[in-house]
Amino acid sequence: MNHLPSQLLQLLLLAAALLRPASAKCHIAKRGLSKDLLLIGTVLTSDGALLDSTILIQSGRIAHVGDICGLGTRGGDASVLNCTGSVVSPGFINTHEHISFATVSPFPDIGERVGHRHDWRLGTRNYTMRAVAVNGSDAAATAWGELRHLFSGTTSIIGGGMVPGLARNLDFRDGVEEGLDERVVIYDTFPLGDGLGMMRNGDCDYGPNPIDRDTAIGYHRYIGHIGEGIDVEAANEFTCLSNVTFDTTPALAGGGLSTDIIAPNVALVHALGLTPQDFDVVAARGAKIVWSPRSNMYLYGKTLNVSYLLEAGITVALGTDWLPSGSATMGREAACAASAANESFGAELPPKLLWEMATANAAVVAGFEDQLGSLEVGKLADIVVFEGGSRERGAADPFEQAIFAPQEKIELVLRGGKILLANSEVEDLVSGTCEPVAFGSSDKIACVADELGSSFKELEASLRGVYPVVLPELPPDEPTCNAAIWSL
Ligand SMILES: *[C@@H]1O[C@H](CO)[C@@H](O)[C@H](O)[C@H]1NC(C)=O
Ligand SMILES: *[C@@H]1O[C@H](CO)[C@@H](O)[C@H](O)[C@H]1NC(C)=O
Ligand SMILES: *[C@@H]1O[C@H](CO)[C@@H](O)[C@H](O)[C@H]1NC(C)=O
Ligand SMILES: *[C@@H]1O[C@H](CO)[C@@H](O)[C@H](O)[C@H]1NC(C)=O
Ligand SMILES: *[C@@H]1O[C@H](CO)[C@@H](O)[C@H](O)[C@H]1NC(C)=O
Ligand SMILES: *[C@@H]1O[C@H](CO)[C@@H](O)[C@H](O)[C@H]1NC(C)=O
Ligand SMILES: [Zn+2]
């Protein structure tokens, strides 16, 4: 029975459904002969949520999205996973991480908000230097970070580090997976070469090898930390990268010239020091912004007026920054985005908008929008299923259920159609080495050992006691997102 007509498939599915008690979770409705997978559920798209819709996955890519009738003869031999009432979303894309620091617990809040990143990084201007001690090897810490994101619905990361397998690392040729290595993101923490702590006001005498226009323009995507701070020194960084005539005197040791890299292939991480006029330049040039509100609020007591950016037409994507000052998961970053926008600017950001910042917008920022970021035919099957809050139609906003979901509510994580995490109910569908992992009261199976090179439990044991990968709804010691009073 190779290609069943879709009517017959539907009859079989109906029969199977009648024989089985109603469940609020995904369940296997049919075991197919092929490796194809048909998902049924509420499918999130930029045009809205499609109730009782289907997605056919063949060879790691999406072969059909929409009504089951549109399948025709395809999918007749697919396994069917009935997730009715659950929400099917593209995997999140985290556009800002420092993933090799994933075993460093959140910084304790000493009540200090600073003016510029060098103040906490290096203790400049009499601020407290924040120590960053990575537990475990770089590889173990990075794997740990990728697992935390995967287990919370993030399938791609731009994070300055990588391990093979697990999440896609869009800034590494060897980390993109599935042969997408042609145009990785160039991800830069110190575009001005200011890692040693240079802060300037009125000139561009930073490090000897800053980014320049000719170099940046040659990259498919250049994503750089620019203006991380709230003072004139932070604003000066943008001027040095957007105004060629600002500093035309070279520095003796090299560098020292202003340049202009602001273009559609560039995204600015943080951009906290930029003025509204600066954002007008960003908008006019088609450059993008990576927004990390929790880290902004925790370190500087302030974040972007994102409404201004959106009104100006700027594409904004979310990124968690890193565990010590940012969010442990994309869901927690979105929660902070919503509350910071409300508390600081009285702006209400709809869940669908936040979801776009974690999916389609993030794919555009990363330059992978033809492969990732939405559930469309031909794209990679990086898919996450979130448990629905209610089976009744229209009872809850499905975008809200996806973007704010705690880990416990994640029913399925696929990367390129491969099951990496699932509810234990769907165990019969997985191949490879899987192991049980409890997410709160929900029993899951993690199928990461083949890519990890050890079991999840073994890695966990080797890192004994570091900040966990499986988190409750409110992660412990989470850096504050409350609008803080800023004082010198
Ligand atoms: C999927 O499950 C729901 C609820 O359990 C059921 O009403 C529906 O008929 C099932 N659909 C298919 C195609 O099995
Ligand atoms: C730092 O503290 C020292 C000692 O109190 C003081 O002399 C100096 O001016 C301070 N520097 C800054 C930049 O505030
Ligand atoms: C660029 O810098 C020059 C020199 O400081 C200044 O005169 C000019 O106004 C700046 N241009 C913009 C667009 O800010
Ligand atoms: C934030 O941006 C919005 C939209 O441009 C604007 O109306 C509002 O005044 C801004 N708020 C602040 C505090 O700058
Ligand atoms: C926004 O903030 C106000 C005042 O703090 C609060 O009453 C309201 O519930 C918040 N709205 C949302 C959507 O969080
Ligand atoms: C992590 O490393 C720091 C510094 O070496 C150490 O003090 C701490 O105890 C370690 N934490 C764990 C959980 O191993
Ligand atoms: Zn960063």
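Remember, it's 1-based here, ligands and their atoms both numbered in the order they're listed. Side chains are part of it too, since the values below use all heavy atoms of this structure and drop only hydrogens, waters and symmetry mates. All values derive from a computational prediction rather than experimental measurement.
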State, without any angle test, whether [X] and [Y] hold a side-chain donor-acceptor pair at a distance under 3.5 Å.
X: His149; Y: Glu97; value: yes
X: Asn94; Y: Thr320; value: yes
X: Asp119; Y: Thr124; value: yes
X: Ser424; Y: Asp443; value: no
X: Asp280; Y: Tyr308; value: yes

Part of Ile68 within contact of ligand 1 (heavy atoms, under 4.0 Å): neither
Interatomic distance, Arg200 atom CZ to Leu192 atom CG [nearest 0.5 angstrom]: 11.5 Å
Numbering as shown, the atoms of ligand 3 that approach Thr245 to under 4.0 Å (heavy-atom distance):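 Listed by number with element, the hits are 1 (C), 2 (O), 3 (C), 4 (C).
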Intermediate values then yes/no, salt bridge (charged side-chain N to carboxylate O under 4.0 Å, His left out), Glu451 and Lys418: CA-CA 12 Å; Glu451 299 190 349; Lys418 182 177 181 187; 2.8 Å; yes
Every residue of the protein that comes under 4.0 Å of ligand 6, judged on heavy atoms: Ala133, Asn135, Arg464, Gly465, Val466
For Ile40, atoms of ligand 1 separated by under 4.0 Å from a heavy atom: 13 (C)
Stepwise side chain to side chain contact (heavy atoms under 4.5 Å, CB included) check, Glu387 with Lys25: CA-CA 7 Å; Glu387 196 181 311; Lys25 293 188 173 175; 3.4 Å; yes
contact_flag His27 ligand 1 heavy-atom lt 4.0 Å: yes
